[in-house]
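The structure appears right after this line, and notes come after that.
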Amino acid sequence: QVQLVESGGASVRPGGSLRLSCAASGLATNPYCMGWFRQAPGKEREGVATVSGLTSTYYADSVKGRFTISRDVAKNTLYLQMGSLKPEDTAMYYCAARPSYCNAADFLSRPSDNDYWGQGTQVTVSS
């Protein structure tokens with residue numbers, strides 16, 4: 001059974017930092033693409049950052065320069081280092097994985113319900 005378990009969400013003040021983690025298990029091999037997506041109340045889900053292979057990354061324009069995605073293949077864990085947080089970053093953050101070959105940009109813009117998804121971790125940015 002494939003499981004993606006996110007952690008690290010919290011309430012922080014604007015300008016603060018957080019690191020989210022996503023531990024993957026139950027997969028026969030490391031998924032080719034992994035990524036972070038978020039959904040704020042009343043809004044559609046949007047891609048935040050994705051990685052394909054070991055180092056090919058892609059970011060939403062709204063987080064470029066502030067967020068960094070990385071993965072530890074040995075631990076099968078995905079990370080999202082978030083900095084200079086803004087109130088508009090408030091959302092439930094979800095980890096997703098696609099085992100088959102994929103492009104990071106395509107995965108960011110066209111995730112699928114057929115991909116593997118975690119349950120989410122809440123990030124709240126407020127003064």
(Q) Quick check on the hydrophobic clustering: are Leu80 and Met34 connected, directly or via other members, by side-chain heavy-atom contacts under 4.5 Å? (A)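 Linked, Leu80 and Met34 end up in one cluster.
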**Q.** Hydrophobic cluster identity match, Val63 and Trp36, side-chain contacts under 4.5 Å
**A.** yes
Minimum heavy-atom distance between [X] and [Y], given as atom pair plus value:
X	Y	value
Leu4	Ala97	CD1-N, 3.8 Å
Glu46	Arg38	OE2-NE, 2.6 Å
Cys95	Glu6	N-OE2, 2.8 Å
Ile69	Ala49	CD1-O, 3.4 Å
Ser17	Val12	O-CG1, 4.2 Å
Tyr59	Lys64	O-CE, 3.5 Å

Taking atom [atom1] of [X] and atom [atom2] of [Y], what is their separation to the nearest 0.5 Å?
X	Y	atom1	atom2	value
Leu78	Cys33	CG	SG	11.0 Å
Phe37	Trp117	CZ	CH2	4.5 Å
Arg19	Met82	CZ	CE	13.0 Å
Gln119	Met92	CD	CE	9.5 Å
Gln3	Leu27	CD	CG	10.5 Å
Tyr58	Ser52	OH	OG	12.0 Å

Q: Only pairs at least two apart or in different chains count here, so list each ring pair (Phe, Tyr, Trp, His ring centres under 6.0 Å) that has a residue in residues 69-100.
A: none
(Q) Looking at Tyr116, I want to see if its OH is surrounded by more than 12 non-hydrogen atoms of other residues, nucleotides or ligands under 6.0 Å. (A) no
Q | 4.5 Å side-chain heavy-atom contact, Phe67 and Leu85 | A |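 They are in side-chain contact.
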Q) Heavy atoms, side chains only, cut-off 4.5 Å: are Arg45 and Pro111 in contact? A)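 In contact.
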Q | Salt-bridge criterion met for Asp89 and Lys86 (N-O under 4.0 Å) | A | no
Q) Are the side chain of Thr50 and the backbone N or O of Gly35 linked by a donor-acceptor pair below 3.5 Å? A) no
Q. So which pairs with a foot in residues 96-113 pass side-chain hydrogen bond (donor to acceptor under 3.5 Å, both in side chains), sequence neighbours left out?
A. Arg98-Asp115, Asp106-Arg110
Sequence neighbours left out, cut at 3.5 Å: what donor-acceptor pairs do the side chains of residues 120-127 make with other protein atoms?
from: Thr121; atom 1: OG1; to: Gly9; atom 2: N; distance (Å): 3.0
from: Gln122; atom 1: NE2; to: Ala91; atom 2: O; distance (Å): 3.4
from: Gln122; atom 1: NE2; to: Thr124; atom 2: OG1; distance (Å): 3.4

